Amino acid sequence: DAGVIQSPRHEVTEMGQEVTLRCKPISGHNSLFWYRQTMMRGLELLIYFNNNVPIDDSGMPEDRFSAKMPNASFSTLKIQPSEPRDSAVYFCASSETSGGEQFFGPGTRLTVL
Amino acid sequence: GDSVTQMEGPVTLSEEAFLTINCTYTATGYPSLFWYVQYPGEGLQLLLKATKADDKGSNKGFEATYRKETTSFHLEKGSVQVSDSAVYFCALSEGLNDYKLSFGAGTTVTVRA
C-alpha cells in the first residue's frame, strides 16, 4: 500500500507566485481532506471532498486558495497569489468513508519568501 | 464550538518512564475521541480512539479512557521507549459532521536513552 502521496514535499517560492500542491489519495477511499499546520494555529481543516465533490470548504482562508478534485485519484490545492503568511505544512488525508479513519500523507512544507 | 485542550509540552522523559498527556474536551453532544501521533517528518497516524463513554482505546502500549464525567481522554503509557519520541495530538469528531476533526495543539514528547 502506497498510502497517501503528496508532492512536492518541499516548496520554496516568492511572494506573488502561484503554488500548486498535489495529492493522490489511497485507492478506494471516497473522502479527501486538505489540512494546514502552523505553529500559531495548529492543524486546521481547509476543505473536505466526498466522492470528488467539495462538501465543506469553510476552512479555506480566502479567495486566494482553491482546491479541485477532478477524479477519485487526484486533488490539487492552489494558492494564487501566495503570501509569506501562507508558509505552513499542508497535509492531505483520505478515508474510506466520511467518518472513517483518516490516513495522512507526509505533507508539503511550503515557504513563501 | 467543539474544542480540545491538551497539555502543553515539550515533555522530556527517560526511557522506561511513565508518560501521561492530559486532554480535555468541550462538546455539545457525544463526540468520538482520538489520539494521533506524528513522527518527525511524517504525517499524522491514528494511535487509538474511543467512541463512547467509558470506552478504553489502546495500541502499542498506549491507553486512553473516555471519561464523560470529567470530559477527559488522557493518554498514558507505562514504559516509554526512544521510538515513542513524537508529537501527540488529541482530537474529537462529533455528530453529523463526523468527518470534521478538531485537534488540540499537540504535545512534543522526547524520550532519552
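Letters A, B, ... mirror the listed sequences (proteins, then strands); counts begin at 1. Just so it is clear, the structure is predicted and the values come from calculations on it, not from any experiment. Atoms considered below: every heavy atom in the structure, side chains included; atoms not considered: hydrogens, waters and symmetry mates.
- Follow the hydrophobic side-chain contacts under 4.5 Å out from Phe62(B) and you reach Ile21(B) in the same cluster.
- In this structure, Leu47(B) is a member of the same hydrophobic cluster as Val11(B), with clusters built from ILVMFWY side-chain heavy atoms closer than 4.5 Å.
- For the atom pair CG of Leu46(B) and CZ of Phe103(A), the computed distance is 8.0 Å after rounding to the nearest 0.5 Å.
- Each of Glu42(B), Gln38(B), Gln45(B) has some count of heavy-atom pairs under 4.5 Å with chain A, and the biggest count is that of Gln38(B).
- Each of Asp56(A), Val89(A), Val4(A), Ile55(A) has some count of heavy-atom pairs under 4.5 Å with chain B, and the biggest count is that of Asp56(A).
- For Glu44(A), no part sits under 4.5 Å from any heavy atom of chain B, backbone or side chain.
- Taken from CZ in Phe103(B) to OH in Tyr35(A), the straight-line distance is 5.0 Å, to the nearest 0.5 Å.
- In the model, Tyr99(B) has no side-chain atom that pairs as donor or acceptor with a side-chain atom of Asn50(A) under 3.5 Å.
- For Phe34(B), there are no ring-ring contact (aromatic ring centres under 6.0 Å, His included) partners two or more places apart in sequence or in a different chain.
- Interface summary for chain B: among Arg41(A), Arg109(A), Gln6(A), Gln37(A), the most heavy-atom pairs under 4.5 angstrom belong to Gln37(A).
- Both Val53(A) and Leu45(A) are assigned to one and the same hydrophobic cluster, defined by single-linkage of ILVMFWY side chains at heavy-atom distances under 4.5 Å.
- Summarising the geometry of Arg9(A) relative to Gly41(B), their closest heavy-atom pair is NH2-O, 3.2 Å, with the distance given to 0.1 Å.
- With a 4.5 Å cut-off on non-hydrogen atoms, Thr38(A) does not touch chain B at all.
- A heavy-atom distance below 4.5 Å is found between the side chains of Lys100(B) and Ser58(A).
- Atom CD of Glu8(B) has 12 or fewer neighbouring heavy atoms from other residues, nucleotides or ligands inside a 6.0 Å radius.
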>> Go through it in stages, so that I can follow the logic: the residues are Leu44(B) and Leu43(A), the test is side-chain contact (heavy atoms from CB on, under 4.5 Å), and I'd like the CA-CA distance, side-chain angles, deciding distance and then a yes or no.
In response: CA-CA 11 Å; Leu44(B) 281 73; Leu43(A) 264 162; 3.5 Å; yes

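- In terms of hydrophobic clustering, with Ile, Leu, Val, Met, Phe, Trp and Tyr side chains grouped at heavy-atom distances under 4.5 Å, Tyr25(B) and Leu101(B) are assigned to different clusters.
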